[in-house]
Amino acid sequence: MSTSTPHGGVLTAPDRDPAPPRRRRGTVLAAALCGLLGLGLTGAAGYKAVTDHRAAQRTLTPEAAYRKASSLWHSTPVDTLFPPVLDGQGAGPGGADRTWTRIAPAADAACTEALAADWQALFAATGCTRVLRATYTDATRSSLVTVGMVFTPADATAMDSLRGRLTAPTGYGFPDNRRAAWTASVLAEAPVVVYAVSAFADGRRLGAPSPAEDKMAEDARGRVAKAGLGHEAKAVADLIERTLRGLAVSPQGRPVPQTSPTSPTSQDPQASDPQTPQAPTATREAAR
């Protein structure tokens with residue numbers, strides 16, 4: 001009788017936890033460099049933000065502001081250049097308050113399209129980049145005032161040659177034979193001429209338009225003076241002119257707080273056109 005040894009499982013050594021992988025020196029160095037690079041980029045971004053903020057707050061020199069203002073016609077929203085509502089406290093005859101609502105903003109136009117022949121001849125020496133216009137009506141919708149800006153590429157010396165030579169401008173939304181009173185001025189802070197011309201909203205025909213100052217005099221007579229159309233042309237022009245001056249000197253290209261022509265009260269800007277009926281004879285064109 002023979003005996004045999006029973007078969008059993010193969011004996012093995014007990015399992016051991018695997019040793020953690022060794023980090024290579026290059027991997028550690030790369031991670032450290034990435035961290036330092038991230039800190040550097042963050043610091044550089046913060047420094048640039050601070051310097052940009054300081055530069056934005058820095059007051060422009062008159063020469064830089066003058067050059068910058070020549071591009072405001074395409075870099076500024078129409079509601080900033082021509083606010084939907086103008087508040088003229090004390091701007092009417094006898095210090096009466098006036099309010100004007102924008103009813104017809106025009107698309108920016110070439111100088112040959114927007115200016116009369118005599119104005120085109122005057123701007124031949126300075127050049128003419130673009131013309132912006134808008135027409136306003138008063139609270140009673142009995143008058144119209146077109147206000148415009150003529151932008152040029154000229155320097156201050158060339159612009160000075162226009163002073164005292166400007167004639168009655170054309171309106172936007174009413175023909176020349178309905179013009180009542182007008183004003184025009186050459187800005188000292190920008191290569192821009194700001195003008196305004198008023199008319200009766202009922203379409204009545206008038207003779208040659210008069211300078212606004214003449215119709216604002218205490219002894220001025222006639223229906224234009226009595227209706228205050230000289231005051232309206234001058235006040236609307238002054239309000240738009242002050243907005244443009246504020247844009248020219250502001251480092252951020254934003255309007256500074258404005259006041260009405262004869263009152264220290266600040267103007268209250270509006271966000272959009274109010275829904276008011278359109279005045280007679282005024283045409284509407286899409287804003288740029």
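The shortest non-hydrogen separation linking Tyr66 to Met159 is OH-CG, 3.2 Å. Smallest separation of non-hydrogen atoms from Leu162 and Leu122: CD2-O, 3.5 Å.
Applying side chain to side chain contact (heavy atoms under 4.5 Å, CB included) to Thr76 and the options Thr80, Val78, Asp79 leaves one that passes, Thr80.
Counting heavy atoms from C-beta on, the side chains of Pro191 and Phe151 never come closer than 4.5 Å. The closest side-chain heavy-atom distance from Val131 to Trp73 is not below 4.5 Å. No side-chain heavy atom of Thr152 sits under 4.5 Å from any side-chain heavy atom of Val193. The side-chain heavy atoms of Trp182 and Pro211, taken from C-beta on, include a pair separated by under 4.5 Å.
For the atom pair Thr146 OG1 and Tyr172 OH, the distance stands at 9.0 Å (nearest 0.5 Å). With rounding to the nearest 0.5 Å, the separation of OG1 in Thr61 from CZ in Arg67 is 6.0 Å. With values rounded to the nearest 0.5 angstrom, Arg98 atom CZ is found 7.5 Å from Thr140 atom OG1. Between Leu229 atom CG and Ser142 atom OG the span is 7.5 Å, to the nearest 0.5 Å.
Salt-bridge formation is detected for the pair Glu241/Arg245: a Lys NZ or Arg NE/NH1/NH2 atom is positioned less than 4.0 Å from an Asp or Glu carboxylate oxygen.
A cation-pi arrangement is absent between Arg178 and Phe174 under the rule of less than 6.0 angstrom and at most 45 degrees off the ring axis.
The backbone N or O of Ala158 lies less than 3.5 Å from no partner atom in the side chain of Thr126, so there is not a single donor-acceptor pair. For the pair Thr183 (side chain) and Lys234 (backbone), a donor-acceptor distance under 3.5 Å is absent. With hydrogens and angles disregarded, a donor-acceptor distance shorter than 3.5 Å links the side chain of Thr137 to the backbone of Ser143.
No path of Ile, Leu, Val, Met, Phe, Trp and Tyr side chains, each step under 4.5 Å between heavy atoms, connects Met149 with Leu115, placing them in separate hydrophobic clusters. Under a hydrophobic clustering in which Ile, Leu, Val, Met, Phe, Trp and Tyr are joined whenever their side-chain heavy atoms come within less than 4.5 Å, directly or via other members, Val197 and Leu144 fall into the same cluster. Val192 and Trp119 end up in different hydrophobic clusters when Ile, Leu, Val, Met, Phe, Trp and Tyr side chains are linked at under 4.5 Å.
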For this session: Evaluate the side chain to side chain contact (heavy atoms under 4.5 Å, CB included) criterion for residues Ile240 and Tyr136: first the C-alpha distance (whole Å), next the side-chain angles of each, then the deciding distance (0.1 Å), finally the verdict.
Result: CA-CA 12 Å; Ile240 297 301; Tyr136 288 80; 4.1 Å; yes
For this session: Given side chain to side chain contact (heavy atoms under 4.5 Å, CB included), test Thr170 with Asp176 step by step and report yes or no.
Result: CA-CA 6 Å; Thr170 58; Asp176 288 350; 3.6 Å; yes
